[in-house]
K.L.:
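Sharing a structure with you now.
Quick caveat: nothing in here was measured; it's all calculated off a predicted structure. We number each residue from 1, following the sequence as shown.
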Amino acid sequence: MREPRTAPDAPRSPSPWAIVVALSVAATSVSFMQTLVVPIQNHLPELLDSTRSATAWVLTVSLVAAAVTTPISGRLADLWGKRRVLLVLVTLLILGSLIAALSQGLWWLLLGRALQGVSMGVIAVGISILGDLPDRKLSVTGIAFVSASLGFGGALGLPLAAWIVQVGDWKTLFWSTMALGVVNLVVVWVTVPHSPGTGRHVDVIGALGLGVGLSGILIAISQGPVWGWVSPTTLLVVLGGVLVLGVWVLFELRVDEPIVDLRQFTLRPVLLTNLGATALGFSFFVMEVAYLQILELPAHTEAGLGLSMIDASMALVPASLAMMAAAPVGARITNRYGARISACLGALIGAAGYGVTLLWYDEVWHFILASTISSIGVAIAYAAIPTLIMAEVPRTATGSAVGVNALMRSVGTSSGATVTGMVLASQVVTVDGAEVPVLAGFLTTFAFGAIAALACMVLVWLSKGRSKVV
């Protein structure tokens, strides 16, 4: 009697490490997209034959789209399957890049940038996929790499984007991200396994309400310096956003299957950890904005160090490399001592980096050292915070939980950029006919960055809840 044959053609499960690498590359690619237009921001009015206030939306629209849609993407991943939603998000990156590369005017470019912003949901969905890996140590390591890629891709994107603009047409930026998107689509398709969703009802009204309300608040925060903080437009937009969110909260509390389970996210451990993520995002973006400015200001000003855009961006590359190098270190700390200890330690190290610039701030290497120290701390804390969040929610809600956490971090980064801009704009002197920030303004922002990092440490430490795994 013939022996029954095994199934040699049965599909082999992807290597867990291949999944980690694929998701880390995808997260780095969408993070790179966020800083893509920074090197050309000042030239967009001439390139697009438009006003400076209008072209400022090229950067703003992607940030707002990312913040608004990431929690929705996370929830859809829980409902429809994480791999499926991940593939859709990467496809939107490709489509948005193509539209931007072919655009002939501002509106088409804004549409392309908005779709690129939506693709930022890749990071939250990727983290939730890694949270499902059966090997906890590998899961924590993968989450650390994907979390660190947020800063790594953004920081590395600045000099790369500046170099691309120098060697080619400015639309080469978008062709490059489209190529990255195609590569990621293939890699994700091959390596990331299918994950069934819960198949439950999608709260469409809740998603729309969340999107409209958040958009109003985030647009007001980002455009307040342009419109004026007490202008009728700013007040109308922010009050409209708050009103819509108020109605949205009442609606979500009455829905059986809400887009965001508010009861779950108001639990003390989840709430305080998310507030800590907001503080950490604030701290990280203070460094991104203030350090670049002080490095690029003319050397004959009080605070400036006189570097070009490319040189200033290159000065921050060691920090981005340190973030990736710190990711596995953060994972080891988390696996050995717990995610809460890891997050608090990371936040403390982040604050220490600002301490360097509060004492030494007149040489380029001072900022290279300070940004590297802070970035190591941020990478360790970013790696641990999603693990804390996912330990407190049901397995079927991890996508939504990580998405909301990413939203809170985005609120922090937007606030950090806005507050930094306000502080620097309020303390200026006129040099060669232009207003430039004084040293006291920069020192104030560095202090804010340190305080925010320490606030993250306190909030995370106080968030200790019922979970035994963190």
K.L.:
Is there a donor-acceptor contact under 3.5 Å from the side chain of Ser62 to the main chain of Arg113?
P.N.:
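Here the side-chain-to-backbone pair does not exist.
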K.L.:
Which pair of heavy atoms, one from Ala67 and one from Leu214, lies closest together, and at what distance?
P.N.:
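Heavy atoms only, the tightest pair is O-CD1, 4.5 Å.
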K.L.:
If you take all heavy atoms of Cys344 and Val460, which pair is closest and at what distance?
P.N.:
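Here Cys344 and Val460 meet closest at SG-CG1, 4.0 Å.
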K.L.:
Does the side chain of Val404 come within less than 4.5 Å of Ile389's, by heavy atoms?
P.N.:
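Side-chain contact under 4.5 Å: no.
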K.L.:
For a quick test of reading the model, state the closest non-hydrogen atom pair linking Val238 to Ala220 and the distance between them.
P.N.:
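Shortest heavy-atom contact: CB-CB, 3.7 Å.
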K.L.:
Do Tyr291 and Phe442 have ring centres separated by under 6.0 Å?
P.N.:
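Between Phe442 and Tyr291, which both carry aromatic rings, the centre distance is not below 6.0 Å.
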K.L.:
I'd like to know if the side chain of Glu252 reaches the main chain of Ile259, judged simply by a donor and an acceptor atom lying under 3.5 Å from each other, with no hydrogens or angles considered.
P.N.:
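At least one qualifying donor-acceptor pair exists.
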K.L.:
Spell out, as yes or no, whether a donor-acceptor pair under 3.5 Å connects the side chain of Thr357 to the backbone of Tyr354.
P.N.:
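Looks like yes, one N/O pair under 3.5 Å.
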K.L.:
Should Ser73 and Met120 be marked as a side-chain contact (heavy atoms from CB on, under 4.5 Å) after you check the CA-CA gap, both sets of side-chain angles, and the distance that decides it?
P.N.:
CA-CA 9 Å; Ser73 297; Met120 282 293 290; over 6 Å; no
K.L.:
Walk me through it: do Thr420 and Phe285 pass the test side-chain contact (heavy atoms from CB on, under 4.5 Å)?
P.N.:
CA-CA 9 Å; Thr420 300; Phe285 224 69; over 6 Å; no
K.L.:
Cation-pi between Arg75 and Trp80: NZ/CZ under 6.0 Å from ring centre and within 45° of the ring axis?
P.N.:
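Arg75 over Trp80 ring: no.
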K.L.:
Less than 4.5 Å apart, side chain to side chain, heavy atoms only: is that true for Arg136 and Asn335?
P.N.:
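Yes, their side chains come closer than 4.5 Å.
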K.L.:
Specify whether Tyr382 and Phe284 have parallel, tilted or perpendicular ring planes, treating 30° as the upper limit for parallel and 60° as the lower limit for perpendicular.
P.N.:
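Tyr382 vs Phe284 ring planes: perpendicular.
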K.L.:
Specify the closest pair of heavy atoms between Cys456 and Ala279, including all atoms of both residues, with the distance to one decimal.
P.N.:
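Distance-wise, the nearest heavy atoms are N-CB, 3.9 Å.
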K.L.:
Any donor-acceptor pair under 3.5 Å linking the side chain of Ser426 with the backbone of Val423?
P.N.:
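Indeed, once roles are kept as given, a pair shorter than 3.5 Å links the two residues.
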K.L.:
Would you give the length of the straight line joining atom OG of Ser400 to atom CG of Asn405, rounded to the nearest 0.5 angstrom?
P.N.:
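The distance works out to 11.0 Å.
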K.L.:
Ile349 and Leu345: side-chain contact (heavy atoms from CB on, under 4.5 Å), yes or no, with the steps?
P.N.:
CA-CA 6 Å; Ile349 295 172; Leu345 176 62; 4.0 Å; yes
K.L.:
Sequence neighbours left out, what pairs pass ring pair (Phe, Tyr, Trp, His ring centres under 6.0 Å) with at least one residue falling in residues 236-267?
P.N.:
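Matches after skipping sequence neighbours: none remain.
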K.L.:
Is there side-chain contact between Thr273 and Glu392, with heavy atoms separated by less than 4.5 Å?
P.N.:
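No, too far: nothing below the 4.5 Å cut-off.
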K.L.:
Taking the side chain as every heavy atom from C-beta outward, state whether Leu93 and Leu115 have any pair of such atoms under 4.5 Å apart.
P.N.:
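They are not in side-chain contact.
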K.L.:
Taking the side chain as every heavy atom from C-beta outward, state whether Arg83 and Pro193 have any pair of such atoms under 4.5 Å apart.
P.N.:
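Arg83 vs Pro193: side chains apart.
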K.L.:
Within the structure provided, determine whether Thr70 and Leu407 are in side-chain contact (heavy-atom separation under 4.5 Å).
P.N.:
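Answer no - side chains too far apart.
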K.L.:
Taking all non-hydrogen atoms of both residues into account, name the closest pair between Thr278 and Met408 and its distance.
P.N.:
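Taking Thr278 first and Met408 second, the nearest heavy atoms are OG1-O, 3.1 Å.
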K.L.:
Are Leu210 and Pro71 close enough that some pair of their side-chain heavy atoms sits under 4.5 Å apart?
P.N.:
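A side-chain contact under 4.5 Å exists here.
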K.L.:
Hey, mind stepping through Val20 and Thr141 against side-chain contact (heavy atoms from CB on, under 4.5 Å) and telling me if it holds?
P.N.:
CA-CA 8 Å; Val20 170; Thr141 301; 5.7 Å; no
K.L.:
Applying the side-chain contact (heavy atoms from CB on, under 4.5 Å) test to Leu316, which of Leu321, Leu292, Ile368, Thr372 qualifies?
P.N.:
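Single pass found, and it is Leu292.
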